[in-house]
Structures are given as structure tokens and as C-alpha cells.
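Written below as C-alpha cells is the structure these notes are about.
Because the structure is a prediction, the values reported are computed rather than measured.
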Amino acid sequence: MAPPEFVSTKACPLVPAFKERPILFSAPMVRALLDGSKTQTRRVMARQKQHAFTDYTLFGQRGHPDDEAKRCGGWAQPWVAIEHAPDWPDGKDDQCICPYARERGNRLWVRESLGYDPEWGHKWADGKYLCEVFGDAYSEDDKMPDRGIPSIHVPRRYSRIDLEVTGVRIERLQDISEADARAEGAPGYEEGVDEPPPSDDYQWSYRASFQRLWERINGAESWAANPWVWVVEFRRIRPL
């Protein structure tokens, strides 16, 4: 006989409506986030396609009408790329799950390197003191070392930028379009931060600027390798 049903009188913990994950950005990309020019980021997939005769298919969270999931009858997992070929059964070894978001609406909080001003004893991010950014919510008495802090060690409470994921897809790095390169926050030559043109007939583009930016961050051969990447699209929700 099944036990009688009962109603617990214990308070139920509040479950947040979204999940958060940290993400690292360099100082130039943080500035692009703050000025609103960066709405995408590309990150190399941990697993690269192993065979020339296979394809990658991206499945998404169930319930999104523009996902491959709806056409395939739904998929109960987060965004996952699966390498497959006709009549080749899918297996766990063929899957690569997106580490940045499980579904739309998930949030990313930005980790950026913190500098330290020994004269005033304040930490700063990209030239602005944290006490100015967070006001009364910031405290120097937080067991933080009296020195600069690499981005990987910056705690959540000292993140000043929150992003909401609006979409995820996969593609080859070199498939980036001119519009997407601009959405990546690639610097413009007219802003004085890109390299000068080598000749009068040089055709400048955001895509070429993004290529140089990618190589500066990831190494000289990283663009030529043309890896599969996660393309994460987002909107900034803090600061407004």
C-alpha cells in the first residue's frame, strides 16, 4: 500500500529563474562590451570533428521554435553538437556540450583582470576604481590580496558586467561574416586602434581586423587552424 501523501511545512528554497556562468574577456573586449559594440563571442570547441566524412549537427533546448530540436522532435539536453554520418549511431564520444549556456536566458558574468593602486589601496578594472563602480556595495576589507588579480581568480561579487545569452550556434572560425566580425567588437581602423593599411589599394574590413585580433589573443597559427567554434550571442543586462 502506498504511503499517504502529505504536504511539507518546510520553507521551499527559492530557485533562480536563470543560471549563471563565468566567462573571461580581455581588456579591449571588456571596453567593447561596455560601449555596446560587442554582442557575440567565439570560443574554440573542446572537441573538434574527427572525420572528414561526418557532419556536426547542433541540437538545442526543447521548446525553442527556431532550433533544430523542433524539427527533430525535441532534445532534452542543453545545446550539444553531435558528430554523425548517415547510418552512424550517435554516442557520447561524438558529443560536445556547450559550456557557456544550457538554454536561452542563461547569464554570463564577466571576469576581467583587476589592477591595484598601492598609493590609495584601491583595486581598479580598465582604469576605473571598483569603489566607484560598486559604491557602498564594495569593501576593501574582503581578504583580497594587496596586488593585481588575474581575471581567472576574480570573484563574482566584483564582476561589473552581466550578459544574457540569446542564441548559440557552431561554425568554422573562418566562416565569420563581416557583420558578425563587427558584432564581435573587432576594432575599426577609423578608430585609430587597428594597424595602418600597407598600401593605398588595401581593402580594410572588420573581418580582417577580427582575424588579427584573434591571432594576437590565441597565437599566430590559430586563425589558419580554422577550428570549430561556439558562437555565443548575448545582450548586456548590466550595466544598463
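- Note on Glu164 versus Arg236: no salt bridge recorded, every NZ/NE/NH1/NH2 to OD/OE distance being 4.0 Å or above.
- Using a 4.5 Å cut-off on side-chain heavy atoms (C-beta onward), Arg21 and Asn106 make contact.
- Closest approach of Ser222 and Leu173 over heavy atoms only: O-CD2, 4.0 Å.
- Note on Asp162 versus Arg235: no salt bridge recorded, every NZ/NE/NH1/NH2 to OD/OE distance being 4.0 Å or above.
- With salt bridges taken as basic N to acidic carboxylate O contacts below 4.0 Å, one links Glu171 and Arg169.
- The cationic atom of Arg216 (NZ for Lys, CZ for Arg) does not lie both less than 6.0 Å from the six-membered ring centre of Phe210 and within 45° of the ring axis.
- A 4.5 Å side-chain heavy-atom check between Val165 and Val232 finds at least one atom pair inside the cut-off.
- For the pair Thr54/Lys49, a side-chain contact is recorded, criterion being any heavy-atom separation below 4.5 Å from C-beta on.
- Following chains of ILVMFWY side-chain contacts shorter than 4.5 Å, one cannot reach Met29 starting from Val231, and the two form parts of different hydrophobic clusters.
- Around CD of Gln50, the count of heavy atoms belonging to other residues, nucleotides or ligands within 6.0 Å exceeds 12.
- Evaluation of the ring pair (Phe, Tyr, Trp, His ring centres under 6.0 Å) rule for Trp228 yields Tyr56 as partners, not counting sequence neighbours.
- Side chain of Arg104 to main chain of Thr166: a donor-acceptor pair is present (N/O by atom type, distance under 3.5 Å, no hydrogens or angles).
- Checked for salt-bridge contact, Glu83 and Arg47 meet the test: a charged N lies under 4.0 Å from a carboxylate O.
- Between Phe25 and Ser151, the closest side-chain pair of non-hydrogen atoms is not below 4.5 Å.
- Ile170 and Phe234 fall within the same hydrophobic cluster, defined by Ile, Leu, Val, Met, Phe, Trp and Tyr side-chain heavy atoms under 4.5 Å apart, directly or through other members.
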task = Could you give me the CA-CA distance, side-chain angles and deciding distance for Glu20 and Arg156, then say whether salt bridge (Lys or Arg N to Asp or Glu O under 4.0 Å) is met?
result = CA-CA 10 Å; Glu20 295 184 324; Arg156 172 69 176 100; 3.0 Å; yes
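- Side-chain atoms of Gln40 and Asp180 include a donor-acceptor pair closer than 3.5 Å.
- Side-chain N/O atoms of Arg43 and Thr41 include a donor and acceptor closer than 3.5 Å.
- The distance from the CG atom of Leu130 to the OG atom of Ser159 is 10.5 Å, given to the nearest 0.5 Å.
- In terms of heavy-atom proximity, Leu114 sits nearest to Ala125 at CD2-CB, 3.8 Å.
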